[in-house]
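I have placed the structure first, in the form of C-alpha cells, so that the comments after it can refer back to it.
Keep in mind the model is a prediction, meaning the values are calculated, not measured. Ligands are counted one by one from 1 in listed order, and the atoms in each one are counted from 1 as well.
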Amino acid sequence: MNHLDIKPYITQEQLQKKVSEIGATLTKKFKGQEVIAICVLKGSFMFYSDLIRSIGVDITCEFFGVSSYHGTTTSSGEVKVTLDLAQPVEGKHVILVEDIVDTGLTMNYLIQSIQSRKPASLTTVALLEKPEALKVPCKLDHVGFQISNEFVVGYGLDYQGFYRNLPFIGQVQNFQ
Ligand code: IMP
C-alpha cells in the first residue's frame with residue numbers, strides 16, 4: 001500500500017456533532033412516519049451507521065452499491081451499479097445517504113434511479129460537498145460540510161480502497 005501524508009481536517013467530535021444535528025432535523029421531519037434509509041456503498045457506510053442511530057423514527061435499511069472512480073482519484077463520469085436495492089421503494093419515504101458529492105455525477109445518477117422507482121418522497125443527505133468541483137446540478141437537502149476541492153480520506157472515504165477506517169476525515173497532502 002502507498003502511504004499518504006494525511007493532515008487531520010474534520011475531527012471525530014466535529015463529525016459526531018454534525019451527525020447529531022442532521023439526525024435531529026430528520027427526526028423532526030419524519031416524526032410518526034416510516035422511512036427507508038439508503039446507504040450508498042461503499043463510502044457512506046460509517047456516516048450512515050452513525051446517522052441512522054441518531055434518527056428517532058422507524059427505519060428500514062437498504063444498500064445501493066455504485067462505483068464511479070474505478071480506483072483512481074478523478075471521477076470517470078460513468079456510474080456502475082455494483083449492488084442494486086433489494087426492496088422496492090415505491091410509495092415510501094426515502095433518505096439517500098451519500099459520503100461526498102464531488103462532480104455530482106454519482107448523486108445525480110442515484111437521484112434519477114430512485115425517482116424512477118416512484119418513492120413518496122426523496123431526501124438527499126451528503127456528509128461532504130465540494131462546490132467547486134460540481135459539474136451537474138444536484139439537489140442536496142442536507143450537507144454536513146462544504147469543503148475545498150482537495151482529496152480527503154477517512155470515516156468511510158478511501159484512497160485505492162484504503163484509509164476508510166480512519167475515525168476522522170483527513171486531507172491528503174502533496175497529492176498528484
Ligand atoms: P462524483 O460522482 O464526482 O460526485 O463522485 C462521488 C464519489 O466519488 C463519492 O461517492 C466518493 O466515493 C468519490 N470521491 C469523490 N471525492 C472524493 C474524495 O475526496 N475522497 C474520496 N472519495 C471521493
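- The list of salt bridge (charged side-chain N to carboxylate O under 4.0 Å, His left out) pairs with a residue in residues 146-166, not counting sequence neighbours, reads Asp158-Arg164.
- At a 3.5 angstrom cut-off on N or O pairs, Gly104 counts as close to ligand 1.
- The closest approach between any non-hydrogen atom of Met107 and ligand 1 is not below 4.0 Å.
- Between Val40 and Tyr48 there is no side-chain heavy-atom pair separated by less than 4.5 Å.
- Taking distance alone, with nitrogen or oxygen atoms compared against 3.5 Å, Val152 approaches ligand 1 more closely than that limit.
- Which of Val79, Val66, Leu41, Thr106 comes nearest to atom 5 (O) of ligand 1 through a heavy atom is settled by distance: it is Thr106.
- Residue-ligand proximity, Leu105 to ligand 1, at heavy-atom distances under 4.0 Å covers atoms 2 (O), 4 (O).
- At least one heavy atom of Lys130 lies less than 4.0 angstrom from ligand 1.
- Against a heavy-atom cut-off of under 4.0 Å, Thr103 is close to the following atoms of ligand 1: 1 (P), 2 (O), 3 (O), 4 (O).
- Counting heavy atoms from C-beta on, the side chains of Leu128 and Val101 never come closer than 4.5 Å.
- With a 4.5 Å cut-off on side-chain heavy atoms, Val125 and Leu96 do not count as touching.
- Neither the backbone nor the side chain of Lys135 comes within contact range of ligand 1; no heavy atom lies under 4.0 Å.
- Using a 4.0 Å cut-off to heavy atoms of Glu150, the atoms of ligand 1 that qualify are 19 (O).
- Ligand 1 lies less than 4.0 angstrom from a heavy atom belonging to Ile100.
- At most 12 heavy atoms of other shown residues, nucleotides or ligands fall within 6.0 angstrom of atom CD in Glu34.
- Proximity to Glu98 (heavy-atom distance under 4.0 Å) selects the following atoms of ligand 1: 10 (O).
- Interface atoms of ligand 1 facing Leu157, defined by a heavy-atom separation under 4.0 Å, are 21 (C), 22 (N).
- Between Lys139 and Asp141 a salt bridge is recorded (basic side-chain N to carboxylate O distance below 4.0 Å).
- Heavy atoms of Lys42 come nearer than 4.0 angstrom to ligand 1 in no pair at all.
- Formation of a donor-acceptor pair under 3.5 Å by the Ser44 side chain with backbone atoms of Val97 is found in this model.
- Of the possible polar contacts, one joining the Thr27 side chain to the Gly56 backbone as a donor-acceptor pair under 3.5 Å is found.
- Listed by atom number, the atoms of ligand 1 under 4.0 Å from Asp158 heavy atoms are 21 (C).
- Sorted by first then second residue, the salt bridge (charged side-chain N to carboxylate O under 4.0 Å, His left out) pairs that include residues 16-25, not counting sequence neighbours, are Lys17-Glu21, Lys18-Glu21.
- Of all atoms in ligand 1, listed by their number and element, those nearer than 4.0 Å to a heavy atom of Asp99 are 9 (C), 10 (O), 11 (C), 12 (O).
- When atom types are taken as modelled, the side chain of Gln16 and the backbone of Glu13 share no donor-acceptor pair closer than 3.5 angstrom.
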